[in-house]
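In what follows, a structure is listed as structure tokens, so that the remarks can point back to it.
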Amino acid sequence: MSQVKIFCDFDGTITNSDNIISIMKKFAPPQWEKIKDDVLTERVSIQEGVGRMFSLLSTDLKEEIVSYILQTSKIRDGFDEFITYAKERGIPLYIVSGGIDFFVKPLLDGRIDEQFLYCNESDFSGASITITWPHSCDDQCRNACGCCKPSIIRQLATHQDFKIVIGDSITDLQAAKMADVIIARDFLIEKCEELELPYRPFATFHDVIEHIEQIVEVRA
Ligand code: MG
Ligand code: ZN
């Protein structure tokens, strides 16, 4: 049976800005920028780039980073209403995030059940932060995504399911290519236009609810 399923990015989508970028801007030495540029232009894989960026940071910074993120990062308008909306409609809402557990979980603050949350994990046992990759690419993906959104979608949805992918960046592109509907902002819009992928733009989760409501109505 075909079911609507939502796959929603976290950084820059649920939050107003990208938390990895804001952590690096605040805490990393300048060489992080070159790594970021190499990721954005697809010269370096996301997994390698994110791993290298966090390896620039001392594990002693953990508490400071988490409190900085909790003070500065904002959840996008309408997100709580969106969670309620999806629950009422009986639509599974999966968070698939290239973010890292140690800031994703405090920011979500229990809003999403763990079984619906897919993100990277971290190891603070060494001198610098090590990212672990519990959701790395399956044998059908060669992108070294880190948290592999296409692999997760293959695990969680069938070909028949109607897949809605919500995102903002290059890290959502491979998942977006699998979507029946893409709801996009920022750089993902540019990529969708470049590749002629159909998308709907959003600024807040109130917009997202409207788009999904239209989609659900058309299917009903
Ligand atoms: Mg993002
Ligand atoms: Zn992948």
Side-chain angles (χ1 to χ4, degrees), residues 6-25 32 35-37 39-51 53-54 69 72-79 82 93-108 111-112 116-121 131-157 163-179 181-192 195 197 199-205 207-208:
I6 302 169
F7 299 92
C8 185
D9 174 49
F10 183 74
D11 280 85
T13 298
I14 292 173
T15 57
N16 273 322
S17 54
D18 189 294
N19 296 297
I20 294 181
I21 298 292
S22 76
I23 290 169
M24 293 303 147
K25 274 188 184 158
W32 79 273
I35 306 173
K36 174 206 66 180
D37 292 340
V39 171
L40 290 179
T41 53
E42 298 171 69
R43 279 193 295 266
V44 162
S45 74
I46 296 164
Q47 183 162 8
E48 188 186 339
V50 171
M53 282 194 274
F54 277 95
I69 284 296
T72 55
S73 187
K74 293 272 169 291
I75 300 286
R76 190 173 299 277
D77 274 358
F79 184 60
F82 176 54
L93 167 59
Y94 296 100
I95 311 304
V96 285
S97 168
I100 322 297
D101 58 353
F102 77 97
F103 65 80
V104 172
K105 288 178 183 178
L107 279 168
L108 280 175
R111 288 176 174 91
I112 300 286
F116 289 91
L117 174 60
Y118 292 76
C119 67
N120 295 313
E121 292 176 9
I131 307 305
T132 61
W133 314 96
H135 310 293
S136 50
C137 302
D138 64 17
D139 59 3
Q140 292 180 63
C141 182
R142 302 255 178 279
N143 282 295
C145 302
C147 179
C148 185
K149 299 184 185 196
S151 300
I152 292 167
I153 293 174
R154 277 190 283 276
Q155 266 177 54
L156 295 173
K163 296 176 274 298
I164 300 171
V165 168
I166 309 169
D168 73 305
S169 184
I170 188 76
T171 53
D172 302 300
L173 185 59
Q174 300 307 321
K177 288 177 183 171
M178 299 167 74
V181 169
I182 304 163
I183 303 177
R185 61 175 295 279
D186 203 50
F187 193 63
L188 186 60
I189 288 181
E190 283 174 45
K191 276 289 173 188
C192 286
L195 300 173
L197 299 170
Y199 71 92
R200 293 163 177 246
F202 78 101
T204 71
F205 278 94
D207 306 331
V208 173

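When a ligand or atom number is given, it counts from 1 through the structure's own listing order. Predicted, not measured: the structure shown is a model, and the values here were computed from it.
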_Is there a salt bridge (Lys or Arg N to Asp or Glu O under 4.0 Å) between Lys149 and Asp9? Walk through the geometry before answering._
CA-CA 9 Å; Lys149 299 184 185 196; Asp9 174 49; 2.8 Å; yes
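Of the candidates Gln155, Met178, Gln140, Met178 is the only one forming a side chain to side chain contact (heavy atoms under 4.5 Å, CB included) with Pro150.
Ser151 and Asp138 are linked by a side-chain donor-acceptor pair at a separation below 3.5 angstrom, with hydrogens and angles left out of the test.
Because the distance cut-off is set at 2.8 Å, Asp18 fails to qualify as a neighbour of the Mg ion (ligand 1), as none of its N, O or S atoms comes that close.
Angle subtended at the Zn ion (ligand 2) by Cys148 SG and Cys141 SG: 110°, rounded to 10 degrees. If you put the vertex on the Mg ion (ligand 1), OD1 of Asp168 and OD2 of Asp9 sit 80° apart, to the nearest 10°. Vertex the Zn ion (ligand 2); arms to Cys137 atom SG and Cys145 atom SG; angle 110° (nearest 10°).
We find that Lys191 and Asp172 are not joined by a salt bridge, their nearest charged nitrogen and carboxylate oxygen being 4.0 Å or further apart.
Of all N, O or S atoms in Asp11, the one lying closest to the Mg ion (ligand 1) is O.
The distance from the CG atom of Leu107 to the CD1 atom of Ile14 is 10.0 Å, given to the nearest 0.5 Å.
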